[in-house]
Amino acid sequence: MSDSLVLEKSEDFALRIVRLYKNLVFEQKEFILSKQILRSGTSIGANISEGVYAQSKPDFIHKYSIALKEANETKYWLNLLTRSGYFTDDQLKDLKNSLQEIIKIISSIIITTKQKTYRKYS
(Lines give C-alpha, C1' and ligand atoms only; values in the text may rest on other atoms or scores of the structure.)
Protein backbone atom coordinates (compact mmCIF):
# COMPACT_ATOMS: atom_id res chain seq x y z
CA MET A 1 0.00 0.00 0.00
CA SER A 2 1.26 3.44 -0.80
CA ASP A 3 1.28 6.47 1.45
CA SER A 4 -0.70 8.44 -1.14
CA LEU A 5 -3.52 5.86 -1.11
CA VAL A 6 -3.95 5.96 2.66
CA LEU A 7 -3.64 9.75 2.63
CA GLU A 8 -6.41 9.99 0.02
CA LYS A 9 -8.63 7.53 1.90
CA SER A 10 -8.10 9.31 5.21
CA GLU A 11 -8.87 12.68 3.63
CA ASP A 12 -12.09 11.32 2.09
CA PHE A 13 -12.94 9.84 5.49
CA ALA A 14 -12.30 13.19 7.19
CA LEU A 15 -14.71 14.91 4.80
CA ARG A 16 -17.37 12.37 5.68
CA ILE A 17 -16.69 12.98 9.37
CA VAL A 18 -17.15 16.72 8.81
CA ARG A 19 -20.56 16.01 7.26
CA LEU A 20 -21.42 13.72 10.20
CA TYR A 21 -20.39 16.50 12.59
CA LYS A 22 -22.63 19.00 10.81
CA ASN A 23 -25.54 16.57 11.05
CA LEU A 24 -24.95 16.03 14.75
CA VAL A 25 -24.69 19.74 15.53
CA PHE A 26 -27.31 21.25 13.25
CA GLU A 27 -29.87 18.45 12.98
CA GLN A 28 -29.55 16.59 16.26
CA LYS A 29 -28.22 19.40 18.47
CA GLU A 30 -25.48 17.15 19.85
CA PHE A 31 -22.40 19.18 20.83
CA ILE A 32 -20.12 16.98 22.95
CA LEU A 33 -19.75 13.73 21.01
CA SER A 34 -19.75 15.68 17.75
CA LYS A 35 -16.61 17.60 18.75
CA GLN A 36 -14.86 14.43 19.87
CA ILE A 37 -15.49 12.57 16.61
CA LEU A 38 -14.62 15.63 14.53
CA ARG A 39 -11.28 15.95 16.31
CA SER A 40 -10.25 12.30 16.15
CA GLY A 41 -11.74 11.59 12.70
CA THR A 42 -9.93 14.47 11.01
CA SER A 43 -6.71 13.90 12.96
CA ILE A 44 -6.11 10.56 11.20
CA GLY A 45 -5.30 12.18 7.87
CA ALA A 46 -3.48 15.09 9.48
CA ASN A 47 -1.01 12.72 11.15
CA ILE A 48 -0.58 10.68 7.98
CA SER A 49 0.14 13.91 6.13
CA GLU A 50 2.77 14.80 8.74
CA GLY A 51 4.25 11.33 8.37
CA VAL A 52 4.77 11.85 4.65
CA TYR A 53 7.25 14.60 5.55
CA ALA A 54 8.78 12.84 8.54
CA GLN A 55 12.40 13.61 9.33
CA SER A 56 13.33 9.96 9.83
CA LYS A 57 11.86 6.46 9.72
CA PRO A 58 11.25 6.46 13.50
CA ASP A 59 9.46 9.81 13.13
CA PHE A 60 7.40 8.34 10.26
CA ILE A 61 6.45 5.34 12.42
CA HIS A 62 5.56 7.69 15.28
CA LYS A 63 3.23 9.83 13.12
CA TYR A 64 1.52 6.77 11.64
CA SER A 65 1.16 5.28 15.12
CA ILE A 66 -0.62 8.43 16.26
CA ALA A 67 -2.88 8.18 13.18
CA LEU A 68 -3.67 4.59 14.16
CA LYS A 69 -4.52 5.65 17.72
CA GLU A 70 -6.80 8.39 16.39
CA ALA A 71 -8.48 5.89 14.06
CA ASN A 72 -9.18 3.56 16.96
CA GLU A 73 -10.52 6.47 19.01
CA THR A 74 -12.81 7.39 16.10
CA LYS A 75 -14.04 3.81 16.02
CA TYR A 76 -14.94 4.18 19.70
CA TRP A 77 -16.93 7.37 19.06
CA LEU A 78 -18.75 5.81 16.08
CA ASN A 79 -19.74 2.87 18.26
CA LEU A 80 -20.88 5.21 21.02
CA LEU A 81 -22.99 7.23 18.58
CA THR A 82 -24.65 4.00 17.50
CA ARG A 83 -25.18 2.62 20.98
CA SER A 84 -26.53 5.92 22.27
CA GLY A 85 -29.19 6.01 19.54
CA TYR A 86 -28.00 8.91 17.40
CA PHE A 87 -27.53 6.55 14.44
CA THR A 88 -28.30 2.94 13.58
CA ASP A 89 -25.63 0.41 12.67
CA ASP A 90 -26.87 0.53 9.07
CA GLN A 91 -26.50 4.31 8.91
CA LEU A 92 -22.84 4.15 9.94
CA LYS A 93 -21.94 0.81 8.36
CA ASP A 94 -20.16 2.27 5.32
CA LEU A 95 -18.29 4.80 7.46
CA LYS A 96 -17.19 2.07 9.88
CA ASN A 97 -16.07 -0.14 6.97
CA SER A 98 -14.02 2.71 5.51
CA LEU A 99 -12.43 3.30 8.88
CA GLN A 100 -11.59 -0.38 9.29
CA GLU A 101 -9.91 -0.35 5.86
CA ILE A 102 -7.84 2.69 6.87
CA ILE A 103 -6.85 0.97 10.13
CA LYS A 104 -5.68 -2.11 8.22
CA ILE A 105 -3.65 -0.02 5.76
CA ILE A 106 -2.01 2.06 8.48
CA SER A 107 -1.20 -1.07 10.51
CA SER A 108 0.33 -2.72 7.47
CA ILE A 109 2.45 0.33 6.66
CA ILE A 110 3.70 0.53 10.26
CA ILE A 111 4.60 -3.17 10.36
CA THR A 112 6.36 -3.08 6.98
CA THR A 113 8.28 0.09 7.84
CA LYS A 114 9.38 -1.33 11.20
CA GLN A 115 10.57 -4.54 9.54
CA LYS A 116 12.57 -2.63 6.93
CA THR A 117 13.94 -0.10 9.40
CA TYR A 118 15.00 -2.44 12.16
CA ARG A 119 16.30 -5.12 9.81
CA LYS A 120 18.97 -2.62 8.76
CA TYR A 121 20.17 -2.35 12.36
CA SER A 122 20.25 -6.11 13.04
Side-chain angles (χ1 to χ4, degrees):
M1 292 289 156
S2 72
D3 295 335
S4 61
L5 174 66
V6 73
L7 184 57
E8 181 181 326
K9 286 184 178 292
S10 63
E11 189 173 303
D12 290 345
F13 181 80
L15 291 171
R16 292 171 69 193
I17 289 293
V18 168
R19 288 193 290 275
L20 178 72
Y21 168 80
K22 287 179 179 179
N23 177 277
L24 284 165
V25 170
F26 298 116
E27 302 295 323
Q28 300 189 43
K29 307 299 183 206
E30 198 304 306
F31 302 102
I32 306 300
L33 297 176
S34 60
K35 286 181 183 176
Q36 293 291 338
I37 197 157
L38 179 67
R39 189 200 55 73
S40 65
T42 57
S43 181
I44 301 164
N47 280 289
I48 290 170
S49 184
E50 284 186 45
V52 170
Y53 296 100
Q55 296 174 346
S56 63
K57 289 294 180 185
D59 187 34
F60 174 88
I61 292 166
H62 177 71
K63 297 297 185 198
Y64 271 64
S65 295
I66 293 171
L68 183 59
K69 288 165 91 174
E70 294 293 341
N72 281 298
E73 181 180 337
T74 302
K75 186 176 177 182
Y76 171 81
W77 294 121
L78 287 172
N79 288 334
L80 197 59
L81 285 169
T82 314
R83 294 186 68 197
S84 62
Y86 285 102
F87 297 99
T88 65
D89 277 329
D90 282 346
Q91 288 174 310
L92 296 183
K93 183 179 180 180
D94 190 48
L95 198 57
K96 287 180 179 183
N97 288 341
S98 295
L99 180 59
Q100 194 57 44
E101 182 182 6
I102 291 168
I103 288 171
K104 286 180 183 178
I105 295 169
I106 295 170
S107 296
S108 176
I109 290 171
I110 291 171
I111 290 167
T112 302
T113 305
K114 281 181 177 180
Q115 288 172 343
K116 288 179 181 177
T117 301
Y118 299 120
R119 194 176 322 143
K120 288 181 359 185
Y121 300 112
S122 301

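Keep in mind that this is a model prediction, so the values were computed, not measured.
- Arg16 meets the salt bridge (Lys or Arg N to Asp or Glu O under 4.0 Å) test with Asp94; sequence neighbours excluded.
- The minimum heavy-atom distance linking Ser34 with Val25 is given by the pair OG-CG2, 3.5 Å.
- A distance of 8.0 Å separates CD in Gln36 from CD1 in Ile32, rounded to the nearest 0.5 Å.
- Side-chain contact check for Asp3 and Tyr64: at least one donor-acceptor pair (N or O, by modelled atom type) lies under 3.5 Å.
- Annotation: side chain of Asn79 is in contact with side chain of Lys96 (closest heavy-atom distance under 4.5 Å).
- Rounded to the nearest 0.5 Å, atoms CD (Glu73) and CD1 (Ile37) are 9.5 Å apart.
- The CG atom of Leu92 sits 4.5 Å away from the OG1 atom of Thr82 when rounded to the nearest 0.5 Å.
- Side-chain atoms of Thr112 do not come within 3.5 Å of backbone N or O of Ile109 as any donor-acceptor pair.
- Taking each heavy atom of Tyr86 and Gln91 in turn, the nearest pair found is O-OE1, 4.4 Å.
- To the nearest 0.5 Å, atoms CH2 (Trp77) and CG (Leu38) are separated by 12.5 Å.
- Taking the side chain as every heavy atom from C-beta outward, Leu95 and Ile17 approach each other to under 4.5 Å.
- Between Gly45 and Ser10, the shortest heavy-atom contact is CA-OG, 3.3 Å.
- Residues Gln100 and Ile103 meet the side-chain proximity criterion, which asks for heavy atoms closer than 4.5 Å.
- Counting non-hydrogen atoms of neighbouring residues, nucleotides and ligands closer than 6.0 angstrom, the CD atom of Glu11 reaches no more than 12 such neighbours.
- Contact detail for Ile102 and Lys9: the closest heavy-atom pair is CD1-O, 3.6 Å.
- Listed here is the closest heavy atom pair of Phe13 and Ser98: CD1-CB, 4.3 Å.
- To the nearest 0.5 Å, atoms OG (Ser56) and NE2 (His62) are separated by 10.5 Å.
- The minimum heavy-atom distance linking Ala67 with Ile48 is given by the pair CB-CG1, 3.8 Å.
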**Asked** Between Asp89 and Lys93, is a side-chain contact (heavy atoms from CB on, under 4.5 Å) present by the stated rule, with each step listed?
**Response** CA-CA 6 Å; Asp89 277 329; Lys93 183 179 180 180; over 6 Å; no

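- Side-chain contact check for Ile44 versus Ile106: some heavy-atom pair is nearer than 4.5 Å.
- Within a 6.0 Å sphere centred on OH of Tyr53, heavy atoms belonging to other residues, nucleotides or ligands number 12 at most.
- A donor-acceptor pair under 3.5 Å links the side-chain atoms of Thr74 to the main chain of Glu70, judged by distance alone.
- Proximity of Leu20 to Phe87: side-chain heavy atoms (C-beta onward) are separated by under 4.5 Å at one or more points.
- Interatomic distance, CZ of Arg83 versus OH of Tyr76, reported as 9.0 Å (0.5 Å rounding).
- Side chain of Asn72 to main chain of Leu68: a donor-acceptor pair is present (N/O by atom type, distance under 3.5 Å, no hydrogens or angles).
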